[in-house]
*Asks:* 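First, the structure itself, so that you have it in front of you.
In each ligand, atom 1 is the first atom listed, and ligand 1 is the first ligand listed.
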Amino acid sequence: MIGIFDSGVGGMTVAKAVEQLLPEHPLLYLGDIARTPYGPKSAKTIEEYSIENTRFLIRNGAKIIVIACNSASSVATGRLRREFNLPIFEVITPAVNAAVKQSATGRIGVIGTRATIDSGLYEKLIHQHNAKFKVVSKACPLLVSLVEEGWLNKRETKMILRRYLSYFKDFQIDTLVLGCTHYPLLSQLIQHRVGRRVQLIDSSQATAQYLKQCLVDSTISTPIPGHTARENKYYVTDLTKTAEGVAQTIFQRPIELLRA
Ligand code: DGL
């Protein structure tokens, strides 16, 4: 069983992508809504929360952990890998691989929460592929709240995006990594703002594809013939109307959220 956790329901963008690519793999999700957001928190706190989330998933049968949250992936992956003896996937490496592959000019932009951008991990991993690549990163902390409010197409959201994304104007990036669970929901607005010549990398899609490749010849999580996405379990550490709303927007179907 694949266990996925996030600071809240935004990580369901990853879960949805995994469900679509690996429909017969049972999936267990934990959204830590009671303590969201992680983006403005310290690395130490995010690490502690990530350990607790992982314990919950393992207790409930997970054999692989996917850290869907970019903030937790950035600061807690090393600690989780030391602490737990099972495969731990994160969302940064797949997004970096996809960005490096797709960028023709080697000028890559990254947007994310403060925790993600301050960690410098995207930059570090991109430079491990190619030290000559130019990486420009920008924290966009207001975007998570706008998505959670359902302001996906509001004038105010467009204004804030314009302000954040104008940062990239002088860098002539050809690729922009959406380094946060919530940003795929704004991808149309973001694409419109940066123009069609800039390719967006959706870390949720990249992660699901990476996971699929890794599971092909593996026995850690095996498909169960006949298993359907509707049997997957979605747990949250608090039940709120906002969470239900975001979950429904992501899946485009009602999702039953269970209290962890
Ligand atoms: N899940 C977080 C991320 O991808 C965004 C929300 C939060 O700050 O907790 O970085």
*Asks:* Please state which part of Asp6 comes within less than 4.0 Å of ligand 1, counting heavy atoms only: side chain, backbone, both or neither.
*Replies:* side chain
*Asks:* Centroid separation under 6.0 Å, is that true for the rings of Phe5 and Tyr235?
*Replies:* no
*Asks:* A quick test of your reading: do over 12 heavy atoms of other residues, nucleotides or ligands sit less than 6.0 Å from CZ of Arg253?
*Replies:* yes
*Asks:* Relative to the heavy atoms of Cys180, which atoms of ligand 1 are at a distance of less than 4.0 Å?
*Replies:* 3 (C), 4 (O), 5 (C)
*Asks:* Judged by atom type as modelled, is there a donor-acceptor pair below 3.5 Å linking the side chain of Thr36 to the main-chain atoms of Ser7?
*Replies:* yes
*Asks:* Check whether any N or O atom of Asn70, backbone or side chain, sits under 3.5 Å from an N or O atom of ligand 1, and answer yes or no.
*Replies:* yes
*Asks:* Could you tell me how the ring of Tyr234 sits relative to the ring of Phe251: parallel (under 30°), tilted (30 to 60°) or perpendicular (over 60°)?
*Replies:* perpendicular
*Asks:* Heavy atoms only, cut-off 4.0 Å: how does Thr181 contact ligand 1, side chain, backbone, both, or neither?
*Replies:* both
*Asks:* Is the side chain of Tyr183 donor-acceptor paired with the backbone N or O of Gly112 at a distance under 3.5 Å, no angle test?
*Replies:* yes
*Asks:* What I'd like to find out is whether the side chain of Ile173 reaches to under 4.5 Å of the side chain of Leu176, using heavy atoms alone.
*Replies:* yes
*Asks:* For His182, counting its heavy atoms only, list the atoms of ligand 1 lying under 4.0 Å from any of them.
*Replies:* 5 (C), 6 (C)
*Asks:* Gly39 versus ligand 1: do any nitrogen or oxygen atoms come within less than 3.5 Å of each other?
*Replies:* yes
*Asks:* Which ligand 1 atoms, with their elements, are less than 4.0 angstrom from a heavy-atom of Thr36?
*Replies:* 9 (O)
*Asks:* How far is atom 6 (C) of ligand 1 from the closest protein heavy atom, and which atom is that?
*Replies:* Ser7 OG, 3.5 Å
*Asks:* Run the numbers for me: atoms of ligand 1, each under 4.0 Å from some heavy atom of Tyr38, listed by number.
*Replies:* 7 (C), 8 (O), 9 (O)
*Asks:* May I have the step-by-step check of ring pair (Phe, Tyr, Trp, His ring centres under 6.0 Å) for Tyr38 and Tyr49, ending in yes or no?
*Replies:* CA-CA 9 Å; Tyr38 284 10; Tyr49 293 171; 5.5 Å; yes
*Asks:* Answer yes when Arg35 and Glu52 have at least one side-chain N-carboxylate O distance shorter than 4.0 Å, and no when they do not.
*Replies:* yes
*Asks:* Against heavy atoms of Thr113, which atoms of ligand 1 measure under 4.0 Å?
*Replies:* 5 (C), 8 (O), 10 (O)
*Asks:* Going by heavy atoms, is Gly11 under 4.0 Å from ligand 1?
*Replies:* no
*Asks:* Could you tell me the residue and atom name of the protein heavy atom closest to atom 10 (O) of ligand 1, and the distance to it rounded to 0.1 Å?
*Replies:* Ser71 OG, 2.6 Å
